[in-house]
Amino acid sequence: MIYNFDEIINRKNTHSIKWDAGELLRKFEITERFDEDTIPLFVADMDFSCPQPVIDALHKRVDQRMYGYTTHATDPEYFKTIQNWFARRMNWEFPADSIVYSPGTVHALKIAVRTFTNPGDGVIIQRPVYFPFTNVIEGNGRIVLNNSLVNNDGYYEIDFVDLEQKAKLSSSKLMILCSPHNPVGRIWNQGELEKISRICLDNNIVLISDEIHGDLIRTTETFYPIANVNSDDKIIVCTATNKTFNMAGLHCSNIILRNADMREQFSKELGMQMPSPFSISALIAAYNEGEEWLEQLKVYIDKNFDFLKNFLANKMDKVKFRIPEGTYIGWMDFSGYNMDPEEIHNRIYNKANVVLEDGKIFGEEGINFQRICIPSPRSILEEAMNRICTEFKI
Ligand SMILES: Cc1ncc(COP(=O)(O)O)c(C=O)c1O
């Protein structure tokens, strides 16, 4: 089947966090302006239809006419489907009993913080990074240890000397790795992953790798699951259908935790969590039959990135931008304008009426940056960029 990613599907008044965001954005003081004409490119979800097999599976589920208490635990197909996906696509194998369902990835990170650290302990993250990492650490009374990434002309790298120093601190107990990294878009290579995991294991730091963007990489790139680089069973990996198949509203993450003791502790803190009947059906359909859609999607996203790169190079060449290796997130450096970040915000959010995310949300390393999520029909992206460009000509 050929999918049409150019199709514009109206998401207004559908309870979309992205398209019905006005109240939320005002509440969290992200932006004041949000109206009928706003183009929101801030939330990491896609404006594309899900794969047809997922839609069909959900219809079938609806037609059963009852949506009572549900469990995945007794269905070997649920586990086999997940195992097959990662074995087939990433050559990564793990036993069925290492899979722990969580209603969300961020929720799983919170549970990991609570399970493997105590209040006052340090948790290593690498800013600029997806801001809920900070929330799950500080919200649970733990301390952020920031192994700030090094920006080499838009290509971010890890300061391993600093990472090792942070790992050696007696307070340091956990590291949350973002792989591929949101927002800087790096796919950590095997050498980097090897070093990260060695530093953590040598210093008794529990390592949890958030690989939720692992399927969403450029067609020319290869993703390396950390568990393939270091086979130590104590490394925890977060996977999800949420991002890959645009089903975040179905809340389905699966955490791979091979060490039995750690799994028991984690599961105890997590409590009994069961996916909805819809998330089970959707996951099975997506992982078994969604590959064709995903491959076409990746080509479309590559082209959106090509569009963005060319647009910036031709019309806004003061913005530094590099196509990310992974994720559908663009990280644009506006420092070339020598403008107050408030004014950059004002021009994009208030004047152009486009909602992105101010880079400072991801840490002070993000000041002067804007994060843009580009998995939308190209015409929407084009309109947003034209509007932004107009405001920067003045
Ligand atoms: C790195 C990363 N982790 C987790 C999430 C959210 O995952 P979930 O909806 O499964 O909690 C996101 C969403 O943008 C993300 O970028």
Side-chain angles (χ1 to χ4, degrees), residues 15-18 21 24 28 30 40-47 50 82 99-114 123-137 139-140 149 156 174-188 196 207-217 223 225-226 236-256 270 273 275-276 278-280 282-283 286-287 301 324-331 355-359 361-363 366 369 371-376:
H15 306 103
S16 159
I17 285 192
K18 188 172 174 179
L24 211 68
F28 291 106
I30 293 170
L41 300 178
F42 68 107
V43 177
D45 79 5
M46 310 193 227
D47 295 322
C50 288
I82 298 169
I99 302 172
V100 181
Y101 166 79
S102 165
T105 311
V106 173
H107 187 69
L109 296 176
K110 181 173 87 180
I111 297 299
V113 166
R114 289 189 184 176
V123 180
I124 302 172
I125 55 174
Q126 297 171 307
R127 287 180 180 150
V129 76
Y130 180 56
F131 61 88
F133 285 14
T134 296
N135 299 348
V136 297
I137 298 166
N140 287 288
L149 294 175
Y156 283 78
L174 177 76
M175 173 166 181
I176 306 178
L177 177 70
C178 197
S179 173
H181 190 282
N182 170 5
V184 308
R186 275 295 316 279
I187 296 179
W188 306 117
I196 295 166
L207 175 58
I208 183 162
S209 180
D210 178 345
E211 303 191 354
I212 186 168
H213 292 277
D215 293 308
L216 295 162
I217 60 170
F223 173 69
I226 194 163
I236 307 168
V237 181
C238 302
T239 73
T241 44
N242 294 350
K243 293 273 171 254
T244 308
F245 299 104
N246 204 21
M247 333 189 314
L250 293 176
H251 298 288
C252 197
S253 294
N254 289 284
I255 313 308
I256 314 305
L270 183 68
Q273 296 283 354
S276 82
F278 301 103
S279 46
I280 295 175
L283 174 138
Y287 276 160
I301 288 180
E325 295 166 341
T327 78
Y328 47 54
I329 287 161
W331 186 236
V355 181
L356 306 180
E357 253 171 359
D358 286 322
I361 300 176
F362 302 85
F369 285 78
R371 190 189 87 151
I372 182 168
C373 292
I374 59 108
S376 297

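We count ligands from 1, going down the list as the structure has it; atoms in each ligand are counted the same way. All values below were derived from every heavy atom in this structure, side-chain atoms included, with hydrogens, water molecules and symmetry-related copies excluded.
- Side-chain contact between Arg371 and Ile361 is absent, with no heavy atoms from C-beta onward closer than 4.5 Å.
- With contacts defined as side-chain heavy-atom distances shorter than 4.5 Å, the pair Tyr328/Met46 qualifies.
- Ser209 places no side-chain N or O within donor-acceptor distance of the main-chain N or O of Glu211, the cut-off being under 3.5 Å.
- Note: Asp210 CG to His181 NE2 = 10.0 Å, rounded to the nearest 0.5 Å.
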Which side-chain N or O atoms in residues 103-111 pair as donor and acceptor under 3.5 Å with protein atoms at least two apart or in another chain?
unit_1 : atom_1 : unit_2 : atom_2 : d
Thr105 : OG1    : Ser253 : OG     : 2.8

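- The only member of Tyr156, Trp331, Phe369 that meets ring-ring contact (aromatic ring centres under 6.0 Å, His included) when paired with Phe362 is Trp331.
- Closer than 4.0 angstrom to ligand 1 sit non-hydrogen atoms from Ala44, Gly104, Thr105, Val106, Tyr130, Cys178, Asn182, Asp210, Ile212, His213, Asn242, Lys243, Ser253.
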